[in-house]
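Heads up: the structure comes next, in structure tokens.
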Amino acid sequence: MTFATLGLIEPLLRALETLGYQTPTPVQAQAIPAVLAGRDLMAAAQTGTGKTAGFAVPLLQLLTMEGPKVAPNSARALILCPTRELAEQVHASVAEYAQNLPLTTYAVYGGVSINPQMMKLRKGVDILVATPGRLIDLFRQNALKLNQLQTLVLDEADRMLDLGFSEELANIYRMLPKKRQTLLFSATFSDDIRQLAGQMLNDPLSIEVSPRNVAANTVKQWIVPVDKKRKPELFVHLMRKGHWKQVLVFAKTRNGVDALVDKLQGLGVNADGIHGDKPQATRQRALDRFKSSDVQILVATDVAARGLDIEDLPLVVNFDLPIVAEDYIHRIGRTGRAGNTGEAISLVCADEVNMLSAIEMLTRQTLARHMEQDFEPEHRVPETDASGQVVKKPKKPKKPKASGGGGKRNLGKWVDSGEVAPAEPSIKPVRKVPVFNTGPRKKK
Ligand code: AMP
């Protein structure tokens with residue numbers, strides 16, 4: 001199959017050729033004709049498999065072929081993204097695909113001055129990429145009208161529809177014309193989100209090009225059990241032993257990011273961090289420098305988990321496991337993209353066993369364990385598997401106390417210190433979904 005057989009127009013074919021895209025990826029092969037036919041879509045495909053072009057390319061064609069010119073302070077298509085960095089990246093891709101077309105594109109997001117964005121919107125833009133908060137601000141300040149909108153895309157749709165964004169999304173929905181095309185794209189969709197999404201779409205086509213909720217099979221995954229307090233030491237040990245060159249590291253908290261960056265910089269390692277407390281310009285600069293290999297180790301919170309496309313990134317390390325199992329798939333999906341291979345290593349301590357179990361259950365795999373010599377944990381990480389069971393090994397029977405022995409015996413690594421949460425047979429691995437009324441949709 002070629003892009004030409006999907007019915008794309010010549011300026012788009014030329015742009016794709018310039019970018020070196022020879023054949024459509026599976027998600028593109030299914031999504032492009034469906035979007036061109038005006039269908040609503042719910043599309044699930046693994047990380048790094050070309051979803052952006054899957055929605056952006058046919059959208060550009062629709063906008064070129066039909067519809068009136070964009071009015072001042074208006075947009076004809078809106079792509080919503082959960083993070084500023086992703087909005088910037090998606091816009092860069094859209095602009096590349098649009099290079100031979102007479103269309104305008106632009107990205108708006110928070111953390112930077114709103115005035116230049118208001119100026120830019122004056123003439124209207126055909127495709128607007130946005131994060132929800134800034135979009136609402138611009139709308140409220142009358143810098144943007146959405147009555148001309150014909151297509152809405154939610155990139156990383158499950159994240160956009162979960163609780164964190166529910167209020168903003170409900171507000172945006174009220175601003176949009178009822179008659180429109182809606183496209184949802186993500187690597188993961190929980191059942192709850194699927195149900196909610198189903199209510200928002202009009203006779204949607206569901207595209208699923210890979211088994212549900214799995215990471216790209218180009219990523220080799222394994223875990224190293226370790227005690228929590230020894231994680232920084234283990235990280236440095238593995239980094240030196242493996243001669244790591246370019247690594248994206250995920251930590252749970254902003255403080256955790258800062259602490260690891262400080263430690264690494266203190267050792268003379270070229271490391272930087274991104275998280276929500278940093279100014280946007282600093283965040284983007286750190287990401288750009290990492291993408292261009294000027295920074296060797298980038299430590300981030302989940303702000304960097306979704307969608308970011310870093311060419312040939314060989315390794316992702318989960319310094320901490322994510323609280324929400326789906327985020328594991330997104331995090332490790334920063335490597336092994338576009339058919340490349342990659343590796344994902346997770347440092348797991350005993351109190352993360354339930355998160356580990358939830359990840360294994362969601363991804364239907366038992367992660368290989370590698371015990372690193374001299375880092376064997378005092379607090380054992382109980383065995384887990386894809387069934388969601390946490391297997392507690394029976395403790396070794398206690399020997400009767402030798403009379404007069406006194407003192408504590410060293411029970412070694414098999415002793416659980418009480419840090420380990422009790423095993424739960426079924427751990428809900430998904431985010432909570434909002435209960436907001438998406439309202440009945442008028443038939444197109
Ligand atoms: P995405 O999942 O949209 O972030 O895309 C992942 C990576 O694959 C990006 O670097 C794209 O430029 C690249 N890509 C997308 N579609 C194709 C294609 N059909 N052929 C080659 N590379 C592609």
Side-chain angles (χ1 to χ4, degrees), residues 1-8 12-36 41-61 79-99 105 107 127 129 153-160 183-189 207-210 213-219 246 248 287-288 290-293 304-314 316 326 329-342:
M1 183 185 295
T2 61
F3 283 108
T5 56
L6 296 177
L8 293 179
L12 281 168
L13 293 176
R14 239 181 324 126
L16 295 172
E17 197 183 329
T18 311
L19 294 170
Y21 292 14
Q22 284 169 0
T23 42
T25 65
V27 69
Q28 290 164 358
Q30 293 195 47
I32 290 173
V35 177
L36 288 177
L41 273 193
M42 182 170 357
Q46 288 160 318
T47 49
T49 54
K51 285 190 285 292
T52 317
F55 59 76
V57 167
L59 193 52
L60 287 164
Q61 176 149 332
I79 301 170
L80 286 177
C81 300
T83 65
R84 298 162 186 176
E85 286 82 0
L86 186 56
E88 186 64 42
Q89 177 186 295
V90 167
H91 175 252
S93 297
V94 172
E96 279 185 325
Y97 304 141
Q99 58 186 264
T105 64
I127 297 193
V129 187
V153 182
L154 299 190
D155 193 15
E156 304 296 338
D158 64 333
R159 176 79 187 92
M160 299 303 300
L183 312 173
L184 310 186
F185 279 74
S186 187
T188 54
F189 277 107
I207 292 180
E208 226 165 299
V209 293
S210 55
N213 296 332
V214 296
N217 55 13
T218 45
V219 184
Q246 196 194 19
L248 179 60
L287 181 63
D288 290 343
F290 183 64
K291 282 187 175 184
S292 61
S293 300
R306 297 267 181 164
L308 295 185
D309 189 43
I310 302 153
E311 213 180 328
D312 292 338
L313 177 68
V316 168
E326 276 98 348
I329 295 176
H330 292 278
R331 284 178 175 192
I332 71 166
R334 297 316 99 220
T335 180
R337 297 172 72 75
N340 291 321
T341 54

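Heads up: numbering here begins at 1 and tracks the sequence. Please read these numbers as outputs of a predicted model, since none were measured by experiment. All ligand and atom numbering here is 1-based and tracks the order in the structure.
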Could you give the N/O to N/O pairs under 3.5 Å linking ligand 1 and the protein, each with its distance?
residue	atom	partner	partner atom	Å
ligand 1	2 (O)	T49	N	3.4
ligand 1	2 (O)	G50	N	2.9
ligand 1	2 (O)	K51	N	3.4
ligand 1	3 (O)	K51	N	3.3
ligand 1	3 (O)	T52	N	3.0
ligand 1	3 (O)	T52	OG1	2.6
ligand 1	4 (O)	R337	NH2	2.8
ligand 1	10 (O)	D309	OD2	2.5
ligand 1	12 (O)	Y21	OH	2.5
ligand 1	16 (N)	Q28	NE2	2.8
ligand 1	19 (N)	T23	O	2.9
ligand 1	19 (N)	Q28	OE1	3.0

Restricting to pairs with a member in residues 43-61, which pass side-chain hydrogen bond (donor to acceptor under 3.5 Å, both in side chains), not counting sequence neighbours?
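Output for this query is empty, none listed.
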Heavy-atom pair of closest approach, residues T335 and G342:
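Closest approach of T335 to G342, heavy atoms only: OG1-CA, 3.1 Å.
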Could you pull out the closest heavy-atom pair between L287 and E85, with the gap in Å?
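Heavy atoms of L287 and E85 come nearest at CD2-CG, 3.6 Å.
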What residues, two or more places apart in sequence or in another chain, satisfy side-chain contact (heavy atoms from CB on, under 4.5 Å) together with E311?
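By the side-chain contact (heavy atoms from CB on, under 4.5 Å) rule, E311 matches no residue at all.
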Would I207 and M42 satisfy side chain to side chain contact (heavy atoms under 4.5 Å, CB included), going step by step from the backbone distance to the final call?
CA-CA 6 Å; I207 292 180; M42 182 170 357; over 6 Å; no
Return the set of residues passing ring-ring contact (aromatic ring centres under 6.0 Å, His included) with F55 (not counting sequence neighbours), or none when no residue passes.
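Here the qualifying residues are F185.
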